[in-house]
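Since the structure comes first, as structure tokens, the remarks are kept for the end.
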Amino acid sequence: MQKNLQFKGHYVHHGKNHHECELEHGKVHVFANDDVFGSFEAGVYTMADNNLRIPRNQYFSYTPDAHIGVGTCIGTTAVWRMSDGFVSPSIVGSDIGCGMRVHLTPYHSSELSHKDTLKKLVDAIGRFVPTNEITNTNYSDIDILEVVRYGLSGLPEKYRSDQQWLSHVEAANFPYDHAYLEKLPPIIRKYAQGQLGSLGGGNHFIELQRLEIPQDKKELAKSWGMFDGQLIVMIHSGSRAWGAMVGKEHNKVIKAAMDSWGISNPDPALIYAPITSEEGKAYLNLMYSALNFAVANRHMIAFGVQEAFREALGEDIKLPVLYDLMHNYALKEFHRGQPMLVHRKGTTRALPPGHFLNVPAYKETGHPALIPGSMGTASYIMAGRAEGAKNFYSICHGAGRLRSRKATKALVSVEEFQRSMKVGLEDEILVNHDSLESILDECPQAYKDVDAIIDSVVGAELADVVAKCLPLAVIKGR
DNA sequence: ATGTCC
């Protein structure tokens with residue numbers, strides 16, 4: 001048996017980068033290479049054990065980017081049967097529907113790599129896509145109720161920007177019982193109306209990136225419309241105040257219900273309800289409203305980016321969407337012959353070629369799985385493998401935070417951050433902030449090494465790298 | 001993550 005300094009219990013080595021750790025209340029599957037596995041903090045196992053106290057869990061795992069979160073680690077895949085299982089706002093995460101989107105451009109990065117051009121683009125994107133908490137994007141012709149009811153299909157015709165706008169997304173619209181919308185505080189609609197198409201803060205970003213495609217993936221990449229050196233736009237955002245409020249409200253309601261049911265957990269922040277309970281149903285229905293908002297929000301961010309390209313470059317170009325998917329949600333999926341509720345908190349679905357859940361456009365190849373790195377480091381576009389079935393087709397969602405925002409600010413200097421962004425050098429990564437101080441907690445030193453995370457996933461045969469995406473410029477909120 | 005805190 002291999003040694004893991006952090007995990008004291010018994011574990012089975014299942015295959016390369018796949019460990020099954022026995023805890024008091026069940027098992028957690030960990031997908032990580034030896035270095036990453038050895039670096040896991042002890043607290044993630046306590047957290048797993050608390051989660052495994054939730055009755056009738058069918059599967060629980062960590063991707064290599066796993067780290068401590070509220071109630072449940074970010075990097076968790078947790079599965080219950082629909083018939084007798086549980087739904088947990090804590091295992092969805094606070095930013096419901098948080099996810100990734102990539103748009104392709106017709107440009108080779110060398111055409112736009114001049115600093116003045118990039119600066120112009122960054123500046124324009126900053127104006128067309130607000131980032132602040134209090135935003136007013138002024139899409140007054142969009143009915144926010146239509147958006148949360150029907151997702152992308154609730155957007156007016158004029159915002160349907162390209163041929164692929166509805167077909168190249170993980171989910172354009174989640175149907176649910178709209179009567180539950182009446183239970184939300186009315187003020188939420190006002191916030192949402194002003195926030196649609198805005199980026200938000202924290203780890204959310206828009207990046208201009210350059211593709212680097214491995215030799216053996218050139219053909220697949222070409223079939224996805226990608227080429228070596230291509231300039232692409234990567235977007236990371238979620239459901240803004242709408243999802244935050246849905247989560248907050250139901251945390252309170254379900255917490256009270258747990259008390260009345262006599263359910264308790266060592267971690268008071270871990271909240272869960274039977275799927276068939278009224279509280280569980282209410283959360284699931286409104287979670288879908290947040291997923292609808294999130295995908296429409298990313299679509300509208302991309303709309304703003306396209307307007308910015310048009311203004312900055314003076315060309316009427318199209319930026320077709322490659323794909324849009326989420327890494328914070330609970331989805332009903334059929335696995336092992338029955339309907340299951342698959343929670344992914346900071347994990348990304350990567351369906352393999354031929355899988356029936358793929359959208360038609362990617363049925364043959366599997367869909368692109370979009371994995372962001374930290375600021376100043378590479379992001380990745382992956383493709384799922386059939387072997388991913390062992391983890392319910394979940395892979396990592398990014399680099400994964402290494403240290404808290406507070407600890408990062410105490411440890412890393414602005415100068416170190418500037419060096420990471422190559423400030424002053426020829427290949428400086430442009431940022432939409434005059435000073436990096438206000439976003440110091442987002443520096444690469446705050447995150448794990450994304451290359452080690454990707455190596456873990458590839459080694460575990462969950463997915464392959466189709467393209468490495470190198471950052472040229474980044475737009476962040478604060 | 002979040003109109004970031006009752």
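Just so it is clear: chains get the letters A, B, ... in the order the sequence lines come, proteins before strands, and each one is counted from 1.
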What is the nucleic acid contact for A:Gly247, judged by heavy atoms within less than 4.0 Å: base, sugar-phosphate only, or nothing?
nothing
With a non-hydrogen cut-off below 4.0 angstrom, is A:Gly194 in contact with a base, only sugar-phosphate, or nothing?
nothing
Residues A:Trp224, A:Leu322; criterion side chain to side chain contact (heavy atoms under 4.5 Å, CB included); working and verdict
CA-CA 7 Å; A:Trp224 287 356; A:Leu322 175 72; 3.9 Å; yes
At 4.0 Å (heavy atoms only), tell me whether A:Gly238 reaches a base, stays on the sugar-phosphate, or touches nothing.
nothing
Atom pairs under 3.5 Å: protein N/O with N/O of nucleotides 4-6 of chain B:
residue, atom, partner, partner atom, Å
B:dT4, O4, A:Glu133, OE2, 2.9

What verdict does the salt bridge (charged side-chain N to carboxylate O under 4.0 Å, His left out) test give for A:Arg478 and A:Glu442, after you've listed the backbone C-alpha separation in whole Å, the side-chain angles of each residue and the deciding distance to 0.1 Å?
CA-CA 9 Å; A:Arg478 60 184 75 212; A:Glu442 281 295 312; over 6 Å; no
Pairing residues for A:Leu470 by the side chain to side chain contact (heavy atoms under 4.5 Å, CB included) criterion, not counting sequence neighbours
A:Arg210, A:Glu212, A:Ala378, A:Lys468
Under 4.0 Å, heavy atoms only, any strand: does A:Gln193 hit a base, just the sugar-phosphate, or nothing?
nothing
Per the side-chain contact (heavy atoms from CB on, under 4.5 Å) rule, which among A:Asn292, A:Leu184, A:Asn297 passes with A:Trp242?
A:Leu184
Taking only residues two or more places apart in sequence, or in another chain, which ones meet A:Asp143 in a side chain to side chain contact (heavy atoms under 4.5 Å, CB included)?
A:Leu145, A:Glu146
Below 4.0 angstrom, N of the basic side chain to O of the carboxylate: do A:Arg127 and A:Asp123 qualify?
yes
